[in-house]
K.L.:
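Starting off with a structure, shown below.
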Amino acid sequence: MTVSNYLLLTPGPLTTSNTVKKAMLFDSCTWDDDYNLDVVQSIRQQLVSLATTQTGYSSVLLQGSGSYAVEAVLGGAIGSQDKILIISNGAYGARMVEMAQRMGLQHTVYACDEVMLPDIEKIEQRLQQDSQITHIAMVHCETTTGILNPIEKVARLALRYHKCYIVDAMSSFGGIPMDIAALNIDFLISSANKCIQGVPGFAFVIARTEELEKCEGRSRSLSLDLHAQWRCMEDFQGKWRFTSPTHTVLAFAQALQELAQEGGIAARYQRYQRNQLKLVAGMKALGFNTLLEDALHSPIITAFYSPKTTDYQFKTFYLRLKSQGFVIYPGKVSQRDCFRIGNIGEVYENDITALLIAIENAIDWENKDEK
Ligand SMILES: *Cc1c(COP(=O)(O)O)cnc(C)c1O
């Protein structure tokens with residue numbers, strides 16, 4: 001059985017509104033003012049406004065998925081004399097470590113278990129012991145588990161020890177209120193297909209202008225040269241260096257408008273939060289357990305332990321839900337058998353209600369009615 005449409009309960013790409021999809025029915029010319037001045041420059045300004053009310057910040061859009069921008073930031077911000085401390089408790093923290101290795105950046109890693117918050121005292125000790133550290137990088141919502149990492153506490157350390165602070169807020173920016181000036185963040189990275197609810201195709205960096213300037217000439221990658229991309233957008237009114245993802249950009253402009261119509265980030269956060277609480281309460285009632293303790297959950301995505309019954313197979317469960325109109329995510333946690341359900345995107349409380357009914361049907365293991 002095939003279903004023509006289903007809700008993506010996944011952390012990007014995610015379910016977008018019809019109006020966001022419709023915004024792509026236009027072919028833009030990449031050097032026309034209608035595109036660059038009106039659409040790209042407006043997006044860049046809006047992103048900065050969503051991130052802070054303070055001045056001294058700018059934004060850069062970069063083709064590719066979120067990881068491209070993370071790599072561009074690391075490759076631009078970390079000079080040959082610098083050393084970065086990467087805090088990792090999941091797959092996306094580990095990916096930053098892999099990037100640092102590939103690029104030959106001096107780095108050190110503070111890693112902890114995927115279901116635990118990083119220990120702030122231990123991080124502080126690392127900073128005290130290793131005076132060569134110049135930068136700190138961490139993931140805000142670690143989408144691996146859905147854990148919400150303490151970016152405020154690390155921000156205070158970055159400030160006290162004068163470190164440049166890089167935050168991968170890929171799956172949280174636009175869905176959780178934050179002020180990058182108050183958090184002392186120098187580089188914040190996110191992408192089009194997460195909480196802003198656009199479609200995939202580009203990522204973006206919101207950064208302290210002073211720090212962007214320092215990236216000049218550092219990148220060993222031409223396409224991922226953050227500084228060059230930023231200068232091109234600054235000097236040529238929103239021009240991208242290479243072919244820009246025009247349709248994705250139009251969809252993103254529409255998505256930003258819809259974020260404002262919803263009431264901004266605070267309102268969206270409330271909606272995600274309601275979805276997540278409803279989901280967890282309903283799942284617990286069906287006998288599922290969450291991977292994390294409740295206090296550690298973000299409103300973005302939740303990991304659940306797989307049912308213990310011997311009949312359970314993720315693939316069957318997945319297909320049973322898909323046939324009822326819902327697509328969930330496999331687990332990404334290395335040690336524990338889990339699956340994940342995202343709440344971000346064009347998803348509302350009634351969708352969660354319908355999902356819980358679908359899950360109740362799907363876990364009726366005795367009923368082997370599939371094709
Ligand atoms: C989605 C995501 C990324 C980027 O992943 P891509 O597949 O490159 O888009 C990075 N970090 C986090 C925390 C994410 O959720």
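Counting convention: from 1, in listed order, for ligands and their atoms alike. One is the number of the first residue; the rest follow in order along the sequence.
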K.L.:
Could you check whether Glu98 pairs with Arg95 (Lys NZ or Arg NE/NH1/NH2 to Asp/Glu carboxylate O, under 4.0 Å)?
P.N.:
no
K.L.:
Hey, mind stepping through Leu157 and Lys153 against side chain to side chain contact (heavy atoms under 4.5 Å, CB included) and telling me if it holds?
P.N.:
CA-CA 7 Å; Leu157 291 181; Lys153 288 183 179 155; over 6 Å; no
K.L.:
Which residues pass the side chain to side chain donor-acceptor pair (under 3.5 Å) test with Asp235, not counting sequence neighbours?
P.N.:
Arg231
K.L.:
Side-chain heavy atoms nearer than 4.5 Å, only ILVMFWY residues, links allowed to pass through others: does that put Phe204 and Met178 together?
P.N.:
yes
K.L.:
Would you please name every residue forming a side chain to side chain donor-acceptor pair (under 3.5 Å) with Gln106, sequence neighbours left out?
P.N.:
none
K.L.:
Write 'none' if nothing qualifies; otherwise put on separate lines each N/O atom of ligand 1 with a protein N/O atom under 3.5 Å away and their distance to 0.1 Å.
P.N.:
residue: ligand 1; atom: 8 (O); partner: Ser65; partner atom: OG; Å: 2.5
residue: ligand 1; atom: 8 (O); partner: Gly66; partner atom: N; Å: 3.4
residue: ligand 1; atom: 8 (O); partner: Ser67; partner atom: N; Å: 2.8
residue: ligand 1; atom: 8 (O); partner: Ser67; partner atom: OG; Å: 2.5
residue: ligand 1; atom: 9 (O); partner: Gly66; partner atom: N; Å: 3.1
residue: ligand 1; atom: 11 (N); partner: Asp168; partner atom: OD1; Å: 3.3
residue: ligand 1; atom: 11 (N); partner: Asp168; partner atom: OD2; Å: 2.6
residue: ligand 1; atom: 15 (O); partner: Thr143; partner atom: OG1; Å: 2.4
residue: ligand 1; atom: 15 (O); partner: Lys194; partner atom: NZ; Å: 2.8

K.L.:
What residues, two or more places apart in sequence or in another chain, satisfy ring pair (Phe, Tyr, Trp, His ring centres under 6.0 Å) together with Tyr312?
P.N.:
Phe317, Trp365
